[in-house]
Amino acid sequence: MAPGMAPVRCLALVFFVFECLGQRCGSLTRLRTQFRTSSVRNHINYWKRIRFPLRPQVDIRAEKDRIPRGDTGGSTVHMSDVLISVGDSDLVRDATIDIMPGHRYGIVGKNGVGKSTLLKVLTGELLPVDGDVIVNEHASVGYLKQTAVSGSSLSVDEEVRTQMHKLNAARDALEAAENEVKANPSELALSSYEAAQQTFEQSGGYSVDSRVAKILSGLGFSEEDQKRPCSDFSGGWQMRIALARTLLSDPSLLLLDEPTNHLDSSAKNWLSGYLSEFEGTLVVVSHDVPLLKQVCDRILEIELKALNEYRCGFDKYQSEKALRLKQQQAAYEKQQLEIKKLEGFITKFGAKATKASAAESRKKQLAKIDRIEMPVEVRKKTILTLPKPPPNDQIVLSLSNGAFGWGNEALIKNCNLMLENGQRWLILGENGAGKSTLLAALRGVLPLKSGELKYSERTELGVFTQDLAQDLPQDKTALEYILQNVKDPSISDENVRSALGALGLTGPKALREIKDLSGGEKARVALALLTLTPNNLLLLDEVTNHLDSETVSTLCESLRKWSGTLCVITHDQSFAQKINPTHIATVRKNGTVDWHDGGLYTSDFIFGGNENPDMKPKQSEQELLSKEEIIQRKEEDKKLRKKKMGAPKRIQKIESLLEELERKMEEVDNALAENASDMDMLLRLSTDREALQSEIEGLYKEWEELEEFLAEFVDAA
């Protein structure tokens with residue numbers, strides 16, 4: 001135990017005993033409040049765990065209405081001194097906040113900090129270890145979980161109406177009143193019928209069909225899809241069904257956990273517009289920056305186990321956070337200097353009799369310091385390193401005249417693809433076109449109805465699936481899962497823990513069952529397995545779903561450096577651009593797959609319209625250009641593609657040249673110092689130095705231009 005910690009823990013024990021006895025004398029309350037923001041509160045939590053070791057998180061899902069209701073003083077949700085834990089790990093401490101009516105809150109933070117757990121606490125699905133969470137007694141709550149799979153055999157249209165409780169009750173009342181009028185057409189029965197009819201109208205009963213169709217259409221369901229049974233749809237589409245069902249439940253408090261996962265850009269844009277006009281209170285967990293920017297007017301950030309409120313939009317939150325981090329860094333560095341100075345004095349003079357009293361005084365000063373946490377931005381970063389791919393043949397995979405689909409009919413027909421060693425394929429297309437179906441066929445898990453699939457005998461395949469939450473074994477720990485699936489038998493527990501730790505799954509998280517991990521943490525488990533397995537072909541389906549921006553950036557960098565064959569499905573345009581794809585395949589809704597090489601265009605993300613390649617687009621941009629302008633534009637486009645494809649290699653070359661030139665510059669500088677009295681030598685060396693300096697400046701200028709050039713492509717995408 002650190003110096004000075006024992007008295008603090010004892011003081012915390014005193015507070016805890018009084019809490020257990022239920023005594024709240026005025027002086028104790030004031031003293032407890034005074035120390036609430038200090039380390040005393042943490043030690044109160046320590047004694048609670050000792051006293052109640054099984055209480056950290058209580059599941060009350062058996063209760064009929066698990067939402068904690070009460071008087072909130074005008075707010076939609078009131079939280080006071082809340083402590084949220086999982087196992088023996090605190091996620092959020094001393095959270096006190098009021099979620100106000102009509103505002104749209106975005107919950108942000110890194111993977112695993114407790115964002116989804118906070119939503120569970122708001123719904124009463126989990127109880128906090130300490131503190132109060134109260135939802136306004138008049139609030140109706142709609143809650144979309146991150147893994148909300150419908151699993152219904154009803155049609156889509158029928159399923160999304162099942163939580164419209166107010167409207168369904170009004171319909172039942174209207175039908176009952178109508179039957180009463182038929183059986184006994186009295187004045188009282190007619191009056192009851194009119195009242196029921198008015199309630200049904202006010203509940204939106206006469207416009208419900210158009211509203212259902214509008215929401216389902218916005219989320220990408222065609223009229224035919226809306227009549228199909230839910231069981232026909234994949235996990236990503238099941239999530240859309242659950243989202244539509246939640247939106248149609250007419251909640252006054254809407255809680256959404258990563259709602260844009262599995263959505264394409266069109267559905268994301270529609271949802272952002274819908275939520276920005278939502279009149280109730282919204283709390284959304286998301287890593288989707290465009291959504292947060294467009295929708296949210298307040299930000300709740302979980303960082304260092306604290307829940308911080310920013311009463312502003314996302315852009316201003318970022319600038320305010322940057323300023324706060326700068327201030328925190330300055331305060332942290334100043335305090336570290338003070339601590340170092342005190343510790344140095346104690347070390348130097350603690351054993352001397354003449355300085356013993358002064359050293360003891362410094363120890364007391366050191367114990368009283370309320371330590372400032374190291375700012376998150378300067379802490380250990382996520383590390384993701386893919387092993388060097390084993391050698392492979394030139395033709396890694398070939399699919400000839402492939403026809404495949406999950407039902408009796410083939411969704412995709414006459415598909416011809418050939419993946420060669422080192423190529424980087426990007427698979428694009430609208431949701432429902434069959435991108436994941438294509439990847440399943442390439443993996444070999446979906447048998448072909450016709451055609452032929454061939455793999456190189458030396459292919460080592462690594463896979464990341466879109467339906468990660470369902471595919472991972474929920475009853476296994478992260479450590480067990482990786483040890484059972486890693487190909488190299490020499491990989492030890494320590495190796496796996498190290499890989500998980502590099503991705504942020506440190507300490508007890510490696511020993512938690514997968515079902516208890518957040519979506520982002522589950523994704524990191526799958527990525528950790530890839531870092532321990534030397535593959536030469538990676539098939540990745542929506543790998544950025546659930547990941548925070550830092551991990552996505554780290555993954556991008558790792559994939560850019562990896563030299564194996566890559567095949568990726570993604571809706572994240574920035575991610576697609578940054579992984580430097582060499583080939584683009586587009587899955588069309590008419591069941592065809594076309595592709596081109598030469599890199600990524602912004603237009604590659606534009607789908608829909610005329611899918612038949614034989615049909616000439618009406619009033620297209622080309623019809624508005626002259627023949628010469630078309631040729632010129634194509635030439636310019638070709639040059640840009642060539643420059644973009646070569647830019648990353650040129651940047652690497654420039655960086656190598658700069659290292660060599662700067663080494664030579666250092667040698668010249670040393671020679672100048674050694675020959676200070678030799679004028680002829682000084683003149684020659686000065687001339688050499690000027691030439692080197694000019695060359696270095698030219699390379700830096702070219703490097704900056706190429707970086708800006710690539711950044712423009714990323715922004716355009």
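In what follows, residues are counted from 1 in the order of the sequence shown. This is a predicted model, so every value here is computed, not measured.
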Determine whether [X] and [Y] make a side-chain contact, defined as any pair of heavy atoms from C-beta on separated by less than 4.5 Å.
{"X": "K363", "Y": "L366", "value": "no"}
{"X": "D94", "Y": "V82", "value": "no"}
{"X": "L243", "Y": "L271", "value": "yes"}
{"X": "S549", "Y": "H287", "value": "no"}
{"X": "M239", "Y": "N261", "value": "no"}
{"X": "L386", "Y": "L559", "value": "yes"}
{"X": "V121", "Y": "L127", "value": "no"}
{"X": "D288", "Y": "K268", "value": "yes"}

If a pair satisfies salt bridge (charged side-chain N to carboxylate O under 4.0 Å, His left out) and one of its residues is in [range], list it, with sequence neighbours excluded.
{"range": "residues 501-517", "result": "K509-E521, E513-K515"}
{"range": "residues 476-497", "result": "E460-K487"}
{"range": "residues 324-339", "result": "E301-R324, E303-R324"}

Next on the checklist: Applying salt bridge (Lys or Arg N to Asp or Glu O under 4.0 Å) to D572 and K578, what does each step give before you reach the verdict?
Outcome noted: CA-CA 10 Å; D572 187 331; K578 290 176 181 177; over 6 Å; no

Can you measure from [atom1] ([X]) to [atom2] ([Y]) and round to the nearest 0.5 angstrom?
{"X": "R443", "Y": "L537", "atom1": "CZ", "atom2": "CG", "answer": "11.5 Å"}
{"X": "K388", "Y": "N535", "atom1": "NZ", "atom2": "CG", "answer": "15.0 Å"}
{"X": "D98", "Y": "E309", "atom1": "CG", "atom2": "CD", "answer": "8.5 Å"}
{"X": "L547", "Y": "S553", "atom1": "CG", "atom2": "OG", "answer": "11.5 Å"}
{"X": "L325", "Y": "Y332", "atom1": "CG", "atom2": "OH", "answer": "13.5 Å"}
{"X": "L539", "Y": "L397", "atom1": "CG", "atom2": "CG", "answer": "7.5 Å"}

Determine yes or no for a side-chain-to-main-chain donor-acceptor pair under 3.5 angstrom, with [X] supplying the side chain and [Y] the backbone.
{"X": "D264", "Y": "A267", "result": "yes"}
{"X": "S558", "Y": "L384", "result": "yes"}
{"X": "R240", "Y": "H262", "result": "yes"}
{"X": "N495", "Y": "S492", "result": "yes"}
{"X": "T554", "Y": "I383", "result": "no"}
{"X": "T459", "Y": "L461", "result": "no"}
{"X": "N111", "Y": "H546", "result": "yes"}
{"X": "R524", "Y": "L505", "result": "no"}
{"X": "T565", "Y": "G422", "result": "yes"}
{"X": "K120", "Y": "K145", "result": "no"}

Checklist entry - Can you list the steps and then say if L472 with Y481 is a side-chain contact (heavy atoms from CB on, under 4.5 Å)? => result CA-CA 8 Å; L472 292 178; Y481 167 72; 3.5 Å; yes

Heavy-atom pair of closest approach, residues [X] and [Y]:
{"X": "T477", "Y": "L511", "answer": "CG2-O, 3.2 Å"}
{"X": "K110", "Y": "V113", "answer": "O-CG2, 3.1 Å"}
{"X": "V86", "Y": "L91", "answer": "CG2-CD1, 3.5 Å"}
{"X": "C230", "Y": "Q238", "answer": "O-NE2, 2.8 Å"}
{"X": "K435", "Y": "I427", "answer": "CD-O, 4.0 Å"}
{"X": "A478", "Y": "I514", "answer": "N-CG1, 4.1 Å"}

Listed by chain and number, what are the side-chain contact (heavy atoms from CB on, under 4.5 Å) partners of [X], not counting sequence neighbours?
{"X": "P389", "result": "N536, W562, S563"}
{"X": "T123", "result": "E125, Y143, L255"}
{"X": "T437", "result": "F404, W406, L411, L446"}
{"X": "T246", "result": "L144, L254, L256"}

Partners meeting side chain to side chain donor-acceptor pair (under 3.5 Å) with [X] (sequence neighbours left out):
{"X": "Q336", "value": "none"}
{"X": "S116", "value": "Q146, D257"}
{"X": "S436", "value": "Q466, D541"}

Next on the checklist: Is there a side-chain contact (heavy atoms from CB on, under 4.5 Å) between C556 and F575? Walk through the geometry before answering.
Outcome noted: CA-CA 7 Å; C556 278; F575 176 74; 3.1 Å; yes

Next on the checklist: List the residues meeting ring pair (Phe, Tyr, Trp, His ring centres under 6.0 Å) with W425, not counting sequence neighbours, and say none if there are none.
Outcome noted: H583, W595

Checklist entry - Under the ring pair (Phe, Tyr, Trp, His ring centres under 6.0 Å) test, which residues partner Y317, sequence neighbours left out? => result Y310, F314

Checklist entry - Is the CD atom of E457 crowded by more than 12 outside heavy atoms at less than 6.0 Å? => result no

Item to check | Verdict with reasoning, S456 to N392, per side-chain hydrogen bond (donor to acceptor under 3.5 Å, both in side chains) | outcome: CA-CA 7 Å; S456 160; N392 203 350; 2.8 Å; yes

Checklist entry - Yes or no on side-chain contact (heavy atoms from CB on, under 4.5 Å) for T582 and L426, after CA distance, side-chain angles and deciding distance? => result CA-CA 8 Å; T582 60; L426 183 65; over 6 Å; no

Checklist outcome for this item: Of I569, L566, L439, T570, the one forming a side chain to side chain contact (heavy atoms under 4.5 Å, CB included) with L540 is L566

Next on the checklist: V552 vs L555, test: side-chain contact (heavy atoms from CB on, under 4.5 Å). Steps then yes/no.
Outcome noted: CA-CA 5 Å; V552 171; L555 176 61; 5.6 Å; no

